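Since this is a predicted model, take the numbers as computed values, not measurements. Note on naming: letters A, B, ... go to the chains in the order of the sequence lines (proteins, then strands), and numbering restarts at 1 for each one.
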Amino acid sequence: MAFTPTKETYSGKVYPVTIGTGGGEVTLGGENVLTFHSFEGSTPNRPLIAFEIQDVPPSDWPDNVQKPFEGISDDPVKWAKFCQDELKAKAIALRLIGTHPDRENRSPEDAAKTVKDLLSSINVPLIILGSNHAEKDSSVLVAVAEAAKDKNCVIGKAQEANYKTVAAAAMANNHKLIAMSELDINLSKQLNILITQMGFEKERLITDPMCSALGYGLEYTYSVMERIRLAALTQNDVTMQPPMLGDVGMYVWKVKETQAPESDMPQWGSAEERGIAWEAATATSLLIAGAELLIMRHPKAVEAVEKVIEELN
Amino acid sequence: MALSGVEIFKLLPKTNCKKCGHPTCLAFAMKLAQRQASLDLCPDVSEEAKKILGEASAPPIRPITMGSGDKAVKMGEETVLFRHDKKFVNPCAFAVEIKDTLSEEEVSNIAEQVVNSEIDRVGQKLRVDAIALTNESKDAGKLEAAAKIVAAKAPAVPVIICTENPQAAEGALKLFADKRPVIYGANASNAEAMANIAKTGKAILGVYAGGLDELSTLTEKIKSLGVEDMVIDSGARKAKDIIEHNTLIRRAAVKKNFKPLGYPVINFMQRENSLHEALLAVIGVSKYSSIIVLSSVEKWKNLALFTLRQNIYTDPQVPMQVEQKIYNIGDPNPDSPLFITTNFSLTYFIVSGEIENSKVASRLAVMDSEGLSVLTAWAAGKFTASKIAQFIQESGVEKDIQHKELIIPGYVAILSGSIEDKLPGWKITVGPREANAIPAFLKSRVA
């Protein structure tokens, strides 16, 4: 029997979002089919992986992911330049974890200075993330959005508790915005609607449906992402059409499987390779589910995922 | 394509005899359409109707069992494209390649790795499921020699014999009589001979073609030769082609009930770089592979792939649960804090992860709430003061601790008084509402 492939044509598409300035711009999204389904539609831009760095030394990261940045991670500028120049990072994600009140409690002014220093020394796009303390983030993200005015950064994360302040700062200073809700397609849709109702252009949003690590709820993130993407494509739901973020590194490098030494867990094999595989596998499955932007930590995990993206195109 | 109730009704005797236990033929037809009744219940149905209904009610992807005994692997029977629509049915099998060019010792080593690969995760036993023995040497004698070692060292493990040479296939197959191996395989030039061997040896036939059109023609031909149990390979090896072919095969089977591609898919993913190979396997697990052939099975790789398979194949409608018990986090002593939460796996993972992050050794009492999260369980009456009190008393935790203090989730602060009433002598402390506040909460207690 002759085989006729069942090709799908969708009514919707994912918004293309361009980030960065000065010749270092990168565009993500823009496809009108499910990710990597180039056999039935257009997938103009590849997913983007950003290297995660911090405003303070990564003493809270497991040893195996601190090691590759030994000697340079004490200074965000050195760290970012190393990622850009040596590791060929296509984007940098700065997490201002040092601003968290339970951590170093750095001030919004300190954070703004770090951002300015970084912007003057790198030319790849910059993603600027708060410490995920909704209240502190509203002051920190306002200060850094101003410090990075017109640099077309990605600011995040706007959440239900602080989206008004954060979105207003991103809007006033010409940035893109990450909107994060907790593992629920309806919450994600609702937050995108609330933000666009403030006058924020929907084409400037990136959706973060909340990441989970392999073995720790990955299937929830995976399915929420697939459902968001199907809503964008099959129902042409404009509130579901921004590109999606998988904030992988932060969730992966705190689970037991990325930390336990082989001496404790002989059945789990080499701790170093296990950690890298854990991050790369989590990232790859979220790419398949529809993520266009990934934030990752280990250079070897990033390299492996880049190689898979290459093979998927 | 599945038939509607009315279409089925037209094929029934329409006598309303009630012998099937339903009041009318139409009611029975409706049950058949919903797959809640079997056609066998009707004693008067015509042979023609049986044939049409039998074909229509067969699952879109043929159920096939590879191997025998405890380690047999069920494949096929999938009904959807996306796991949020309905549970994926039969988790894909991981097979490791053993080349017949390897030394006797190397073959034994890999066979032993497979036998010892089993690990336990969240109550499930997970392992490398099969061995793919490949005729790299092109020599029938060498394949048979390697097959002997595999049969001796890993007698319970399902085997996929990979050769295009019918004589070699026949020789190796003898060693796995009655063990339902796969012979891979049949292609356009050897289909008759391979089909005969599979039929005689009661083996599953792996079918290889260059592309989906040729594959459809080939499976039809093999079916007409009397072999029904097949696993199919479209020839896709590059990640881009694997996604495309696996997706088009699943769509054709599930949405169009296209029988020539309604078989489990086997994907060969061997690569030089083990991590790269693992990531290809991630794609296969997510997108429709039934058998993934790997070149190596290191422990770190197994753990990641087994875990992913478990994640992707869980039932999206049934919350994942963890066992009800007192979990030790870190190395708690009699003075360490005691928390309580519900047994929804995500709740458990998040709460235990945050306690771990705080680096304060603690005990976490996880109470069976049928997999509901804290607020939902409270609202549903499954996380109440009396149930919590009963659980704590019966758990025996009292003999491990010196204090009698229980930290409850902030969302159920309202319960603190009534738990104190039901647990005389205990102090109930209201913890944070969100787990991410636990490290700060614990820090402030120490200070």
Side-chain angles (χ1 to χ4, degrees), chain A residues 1-8 34 36-40 60 101-102 132 183 212-220 222-224 226-227 230 254-257 262 266-278 280-285 288-289 300-301 304-305 307-308 310-313, chain B residues 82-84 119 121-122 211-217 220 238-240 243-244 247-248 251-252 255-256 258-261 273-276 278-283 285-287 298-305 307-308 310-314 316 320 345-346 349-350 353 356-357 436 439-440 443:
Chain A
M1 199 186 291
F3 173 69
T4 324
T6 314
K7 298 271 172 85
E8 301 278 357
L34 292 174
F36 308 117
H37 284 204
S38 52
F39 57 91
E40 57 191 357
D60 53 325
D102 299 336
N132 203 26
L183 282 178
S212 352
L214 175 60
Y216 295 83
L218 176 70
E219 69 272 28
Y220 292 90
Y222 183 93
S223 282
V224 170
E226 277 199 336
R227 290 179 64 200
L230 285 167
K254 67 178 181 193
V255 307
K256 197 171 176 189
E257 283 80 351
E262 190 172 1
Q267 272 300 328
W268 287 4
S270 152
E272 185 169 5
E273 283 169 299
R274 190 190 330 126
I276 294 167
W278 219 258
T282 304
T284 304
S285 78
I288 299 300
K300 286 193 177 152
V305 177
K307 222 165 100 189
V308 167
E310 180 70 39
E311 202 183 310
L312 282 162
N313 275 279
Chain B
F82 299 102
R83 65 177 292 283
H84 58 257
I119 49 179
R121 195 174 189 286
V122 206
L212 298 173
D213 205 30
E214 192 189 318
L215 186 59
S216 312
T217 313
E220 287 250 282
K238 197 183 158 208
K240 176 186 197 294
I243 282 216
E244 174 179 348
T247 302
L248 291 174
R251 269 190 204 158
K255 295 180 95 170
K256 304 282 179 193
F258 183 72
K259 290 296 175 192
L261 294 181
N273 179 316
S274 187
L275 177 58
H276 188 59
L279 298 187
L280 287 195
V282 166
I283 298 173
V285 171
S286 311
K287 292 296 165 191
E298 297 90 333
K299 287 173 179 170
W300 57 266
K301 184 157 101 184
N302 290 349
L303 186 70
L305 290 179
T307 306
L308 179 77
Q310 192 177 43
N311 283 174
I312 296 291
Y313 279 84
T314 53
M320 283 277 282
S345 67
L346 213 51
F349 286 141
I350 294 170
E356 222 159 288
N357 281 345
N436 62 16
K443 209 167 110 185

Shortest non-hydrogen pair, A:Asp102 vs B:Ala440, comes out as OD2-CB, 3.1 Å
Would you say B:Asn311's side chain and A:Gly215's backbone share a donor-acceptor pair under 3.5 angstrom?
yes
Whatever's closer than 4.5 Å to a heavy atom in chain B on A:Trp268 counts as both
Minimal heavy-atom distance between B:Thr307 and A:Trp278, with the atoms involved, is OG1-CH2, 3.5 Å
Shortest non-hydrogen pair, A:Ala277 vs B:Leu275, comes out as CA-CD1, 3.8 Å
Across all chains, not counting sequence neighbours, the salt bridge (Lys or Arg N to Asp or Glu O under 4.0 Å) partners of A:Glu257 are B:Arg121
Are the side chain of B:Arg83 and the backbone of A:Glu219 linked by a donor-acceptor contact shorter than 3.5 Å? yes
>> What I'd like to find out is whether the side chain of B:Leu279 reaches to under 4.5 Å of the side chain of A:Lys307, using heavy atoms alone.
In response: no
In the structure I gave you, are the side-chain heavy atoms of A:Phe39 and B:Leu248 within less than 4.5 Å of one another anywhere?
yes
One option among B:Lys299, B:Glu214, B:Arg251 has the most heavy-atom pairs under 4.5 Å with chain A, and it is B:Arg251
Under 4.5 Å to a heavy atom of chain A? For B:Asn273 that would be side chain
Sorted by chain and residue number, the salt bridge (Lys or Arg N to Asp or Glu O under 4.0 Å) partners of B:Lys287 (sequence neighbours excluded) come out as A:Glu226
Whatever's closer than 4.5 Å to a heavy atom in chain B on A:Pro101 counts as neither
Most contact-rich option vs chain B, by heavy-atom pairs under 4.5 angstrom, among A:Pro5, A:Ala213, A:Ser223, A:Ala289, is A:Ser223
If one checks every heavy atom of A:Val224 against chain B at 4.5 Å, the contacting part turns out to be neither
Output for pair (B:Phe349 CZ, A:Lys256 NZ), nearest 0.5 Å, gives 11.0 Å
The interface call for B:Ala304 against chain A, heavy-atom contacts under 4.5 Å, is both
Cut-off 4.5 Å, heavy atoms of chain A, and the answer for B:Ile350 is neither
**Prompt:** Quick one: do B:Lys240 and A:Glu310 make a salt bridge, cutoff under 4.0 Å?
**Reply:** no
Query - Residue pair A:Thr4 / B:Phe258, side-chain heavy-atom distance below 4.5 Å - result: no
Closest non-hydrogen contact found for A:Asn313 with B:Lys238 is O-NZ, 3.2 Å
Interface check, chain B: of A:Val255, A:Thr284, A:Asn132, most non-hydrogen pairs under 4.5 Å belong to A:Thr284
Hey, are the side chains of A:Tyr222 and B:Ser286 touching, using non-hydrogen atoms and a 4.5 Å cut-off?
yes
From the list A:Leu214, A:Asp60, A:Leu183, the residue making the most non-hydrogen contacts under 4.5 Å with chain B is A:Leu214
When every non-hydrogen atom of A:Phe3 is compared with those of B:Ala252, the smallest separation belongs to CE1-CB, 3.7 Å
Begin from the C-alpha positions of B:Leu280 and A:Glu311 and carry the test side-chain contact (heavy atoms from CB on, under 4.5 Å) through to its verdict. CA-CA 10 Å; B:Leu280 287 195; A:Glu311 202 183 310; 3.8 Å; yes
Would you call B:Ile283 and A:Val308 a side-chain contact if the rule is heavy atoms closer than 4.5 Å?
-> yes
| Ion pair present between B:Glu298 and A:Arg274, side-chain N to carboxylate O less than 4.0 angstrom? | no
B:Leu346 and A:Gly217 have their tightest heavy-atom pair at CD1-CA, 3.4 Å
Output for pair (B:Leu308 CG, A:Thr282 OG1), nearest 0.5 Å, gives 8.5 Å
Under 4.5 Å to a heavy atom of chain A? For B:Ile119 that would be side chain
Bottom line for B:Gln310: the part with an atom under 4.5 Å from chain A's heavy atoms is neither
- Task: Give a yes or no on this: more than 12 heavy atoms of other residues, nucleotides or ligands lie within 6.0 Å of atom NZ of A:Lys300.
- Result: no
